[in-house]
Amino acid sequence: MNRAGLLKFGILFLLLGLFVFTFYSMDFLEIPKSMKPRIKNIRVSGDPGMNRPSCTFRPLTPEETHEENQLLDSIVWPNIPSAPSPVSLNGTSNAAQSNFVIPPRRGGGPWLVGDQLEVRIKMYNFEGRPKNHGGDFLLARLHNRTLEAGVAGRVVDHLDGTYSAVFSLLWEGNSHVQVTLVHPSEAIPFVHRFTSEMPNGVNFYSTFHSGSLTQTTMCSVCLPPSQQPLCNYTDRRTGELWFCYKPKNLSCDARIKHHSVYQKSQKAEEDILFKIGVTMNVPIPASGPDHVTVFPKTKGQPAVNSIKGGPGPAGYYYNGLWISQSGTTVKQFNTASAISQCLKDKVLHMYGDSTVRQWFEFLFGVLPDLKVYNLHRMKQSGPYTALDYDKNIFVTYRCHGLPLRIVPSPITELHYVANELDGITGGKTTVVVIGVWAHFTTFPIKYYIRRIMSIRKAVVRLLARAPGTKIIIRTANLKNSPNPFLALLGGDWPSLQRDRILRTMFKGMDVYLVDAWEMTVAHHLYHDIHPPRPIIKNMIDVVLSYICPSNKR
């Protein structure tokens with residue numbers, strides 16, 4: 001071969017090499033829309049030499065990128081400056097020195113059912129000086145313990161150190177106002193930074209086994225830089241990313257289990273901003289009376305469906321029972337026979353985290369004829385299958401797949417929700433419950449947005465082929481983290497951010513919402529990632545009322 005021929009051969013060989021490299025690296029890059037179909041053909045393999053100094057997210061289409069930017073704009077928190085150094089309480093919001101005031105009713109006269117109550121809140125710092133900027137995370141509740149009544153208030157940040165808490169007055173009698181400082185504005189930058197770049201507080205691992213060899217390596221979508229080769233576990237159908245460091249002397253196909261380990265909490269100077277009863281979850285006292293007396297509404301008084309320019313409450317408690325304000329009548333399913341009659345001839349699929357598993361456990365705990373098959377699965381991840389043969393009731397639960405904070409569990413049981421939805425026939429006898437949020441609070445919000453996008457697409461496909469299918473979405477709820485580490489790891493502020501994303505992404509779709517956030521804010525019982533049984537009972541009543549409505553929505 002002459003010199004010109006060798007040159008041409010060398011150029012062709014170089015181009016071929018670049019093509020192969022590009023093909024196998026596409027899952028690590030922002031991929032042009034025209035090339036995206038090739039993602040489906042990516043195989044699980046070790047990719048040597050790929051360092052990952054930061055999180056890698058699934059590429060988005062231009063339309064998805066536009067939506068993501070809008071979503072991120074919608075949850076921008078006011079006043080997130082750089083974290084102060086050194087950390088000091090001097091300028092920090094101090095709930096004990098702050099106060100709220102209940103002003104007289106506008107126009108005079110007594111408070112009436114149907115009125116709006118706007119409480120004024122003024123924040124002061126630990127030096128006793130008034131705050132001049134916003135950004136505090138506040139919760140507000142109006143309640144009457146005797147009547148077991150409660151409703152969440154809408155908090156408005158005026159960005160100058162003052163806030164309003166707006167309530168709908170929905171029952172007669174005395175109603176007490178409760179305002180709580182969850183986090184001062186000075187703590188928010190630390191919470192935000194904790195998950196804005198990489199997941200912190202939890203490490204994820206996989207166990208690999210073949211013959212006499214067993215090894216464990218770290219896994220995530222955000223792995224520390226290393227020269228160690230990676231195993232790429234990108235899901236072929238959804239494009240969801242997951243990677244593990246490749247074990248030495250074992251194939252990527254030898255992966256058998258997944259588990260998580262909480263990182264040891266180290267004392268940090270910012271811990272002072274996360275002290276229960278000092279700077280975190282502290283009640284704000286009233287300046288003057290902390291209650292109002294509400295009288296029956298007058299004849300012809302207009303109904304109030306919104307408060308302060310925003311939507312009204314999703315519902316409220318009265319006599320310990322949740323009353324929906326969304327147009328759905330919540331019925332009480334107080335007997336096993338009533339629940340069984342509603343679920344008769346139904347297929348109920350539940351997907352999500354342990355807050356959804358609570359619903360599954362509630363049902364098989366109260367229905368004696370609903371038998372759970374012992375499949376010898378892990379308690380946390382399942383899957384579970386239950387059947388009432390006589391009434392033709394079929395109920396399943398499955399965890400939402402990676403990421404999952406869990407004891408060692410078979411990777412074969414970690415299925416993505418979107419893939420499960422694509423396997424459902426659907427129809428008028430099928431109900432699907434989805435609750436995905438708690439395990440994503442340690443990850444950057446972009447990772448969560450992509451997961452919900454994936455699930456939403458599957459919901460659209462399911463409703464297109466089976467319009468009669470009922471889709472029920474469970475929102476996030478309050479956790480009340482007891483220490484600084486857990487507050488950073490996935491406390492109420494990260495939960496609130498993901499809750500807002502979830503609501504926005506399913507808004508306007510033919511789905512039903514169980515507002516777990518307001519149901520935990522409004523109730524007098526303690527806040528917990530796993531809400532107490534009375535709250536769960538009310539949630540189940542909402543779910544069953546969607547399945548067996550007394551009126552058409």
Side-chain angles (χ1 to χ4, degrees), residues 68-101 118-140 152-166 179-197 200 268-276 278-284 308-310 441 444-446 448-449 476 478 481 484 487-501 503-504 517 521:
E68 180 183 69
N69 291 334
Q70 289 184 318
L71 289 168
L72 294 174
D73 288 342
S74 73
I75 61 169
V76 169
W77 199 259
N79 184 51
I80 297 192
S82 300
S85 183
V87 176
S88 170
L89 285 184
N90 292 340
T92 300
S93 299
N94 182 356
Q97 296 197 43
S98 303
N99 64 74
F100 69 84
V101 175
E118 183 173 350
V119 173
R120 299 169 186 166
I121 305 163
K122 177 62 181 174
M123 300 301 297
Y124 290 80
N125 62 27
F126 276 81
E127 294 179 327
R129 296 176 180 174
K131 298 293 292 290
N132 58 13
H133 61 78
D136 295 311
F137 179 15
L138 305 176
L139 290 176
R154 181 169 177 262
V155 176
V156 180
D157 187 345
H158 300 299
L159 307 178
D160 60 359
T162 67
Y163 302 78
S164 296
V166 188
V179 181
T180 302
L181 173 66
V182 182
H183 289 304
S185 58
E186 290 73 20
I188 300 298
F190 292 100
V191 185
H192 182 260
R193 187 181 63 186
F194 198 73
T195 59
S196 63
E197 297 175 359
N200 286 284
E269 62 169 342
E270 65 265 20
D271 281 1
I272 194 171
L273 298 176
F274 299 92
K275 287 189 174 297
I276 295 289
V278 179
T279 50
M280 187 170 71
N281 296 324
V282 192
I284 295 175
K308 198 69 176 181
T441 54
I445 195 72
K446 287 186 175 183
Y448 183 67
I449 289 173
L478 293 159
S481 305
L488 285 169
L489 180 63
D492 290 336
W493 189 81
S495 298
L496 174 64
Q497 298 293 85
R498 282 140 191 83
D499 182 76
R500 289 177 172 178
I501 291 290
R503 293 169 188 269
T504 302
W517 187 267
V521 173

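All values below were derived from every heavy atom in this structure, side-chain atoms included, with hydrogens, water molecules and symmetry-related copies excluded.
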Practice prompt. Using ring-ring contact (aromatic ring centres under 6.0 Å, His included) as the criterion, list what pairs up with Tyr448, not counting sequence neighbours.
Written response: Phe440
Worksheet item: What is the distance from atom CG of Leu273 to atom CG of Leu89, rounded to the nearest 0.5 Å?
Response: 6.5 Å
Discussion item. Between Gln497 (side chain only) and Ile75 (backbone N and O only), is there a donor and an acceptor less than 3.5 Å apart?
Written reply: yes
Fill in: side-chain contact (heavy atoms from CB on, under 4.5 Å) against Asp157, all qualifying residues, sequence neighbours excluded
Pro78, Leu159, Tyr163
Worksheet item: Are side-chain heavy atoms of His183 and Met280 found at a separation under 4.5 Å?
Response: yes
Worksheet entry | Candidate pair Trp493 and Val182, rule side chain to side chain contact (heavy atoms under 4.5 Å, CB included), full reasoning | CA-CA 8 Å; Trp493 189 81; Val182 182; over 6 Å; no
Worksheet entry | Those residues that, when tested against Asn69, pass side chain to side chain donor-acceptor pair (under 3.5 Å) (two or more places apart) | none
Fill in: Arg154 side, atom CZ; Glu118 side, atom CD - distance, nearest 0.5 Å
10.0 Å
Item to complete: Hey, could you give me the CD1/CG distance between Ile501 and Leu71, rounded to the nearest 0.5 Å?
Response: 4.5 Å
Discussion item. Please give me the minimum heavy-atom distance between Trp77 and Asp136, naming the atom from each residue.
Written reply: CZ2-O, 3.8 Å
Worksheet item: Can you list the residues that meet the side chain to side chain donor-acceptor pair (under 3.5 Å) rule with Asn281, with sequence neighbours excluded?
Response: Asn480
Worksheet item: Would you say Leu478 and Val521 make side-chain contact, with heavy atoms under 4.5 Å?
Response: yes
Worksheet entry | Partner set under salt bridge (charged side-chain N to carboxylate O under 4.0 Å, His left out) for Arg503, not counting sequence neighbours | Asp499, Asp515
Worksheet item: Taking it one step at a time, do Leu181 and Met123 satisfy side chain to side chain contact (heavy atoms under 4.5 Å, CB included)?
Response: CA-CA 10 Å; Leu181 173 66; Met123 300 301 297; 4.3 Å; yes
Worksheet item: How many angstroms lie between CZ in Phe126 and CG in Asn94, if you round to the nearest 0.5 Å?
Response: 4.0 Å
Discussion item. Would you say that Phe137 contacts Val191 through its side chain, given a criterion of any heavy-atom pair below 4.5 Å between the two side chains?
Written reply: no
Item to complete: Would you please name every residue forming a salt bridge (charged side-chain N to carboxylate O under 4.0 Å, His left out) with Glu68, sequence neighbours left out?
Response: Arg450
Fill in: Validation row: Leu72, Ile449 side chains within 4.5 angstrom (heavy atoms)
yes
Item to complete: Please identify each residue that fulfils side-chain contact (heavy atoms from CB on, under 4.5 Å) with Ser88, with sequence neighbours left out.
Response: Asn90
Worksheet item: Between the main-chain N or O of Pro494 and the side-chain N or O of Arg498, is there a donor-acceptor pair closer than 3.5 Å?
Response: yes
Discussion item. List the residues meeting side-chain contact (heavy atoms from CB on, under 4.5 Å) with Val101, not counting sequence neighbours, and say none if there are none.
Written reply: Asn99, Ser287
Item to complete: Report the residues that fulfil side-chain contact (heavy atoms from CB on, under 4.5 Å) with Ala165, sequence neighbours left out, ordered by chain and then residue number.
Response: Val119, Ile121, Ala140, Phe167
Scan the side chains in residues 127-135 for donor-acceptor partners under 3.5 Å anywhere in the protein, sequence neighbours excluded, and list what turns up.
| unit_1 | atom_1 | unit_2 | atom_2 | d |
| --- | --- | --- | --- | --- |
| Lys131 | NZ | Ser93 | OG | 2.4 |
| Lys131 | NZ | Glu186 | OE2 | 3.0 |
| His133 | ND1 | Asn79 | ND2 | 2.8 |

Worksheet item: What are the two closest heavy atoms between Ile284 and Phe100, and how far apart are they?
Response: O-CE2, 3.2 Å
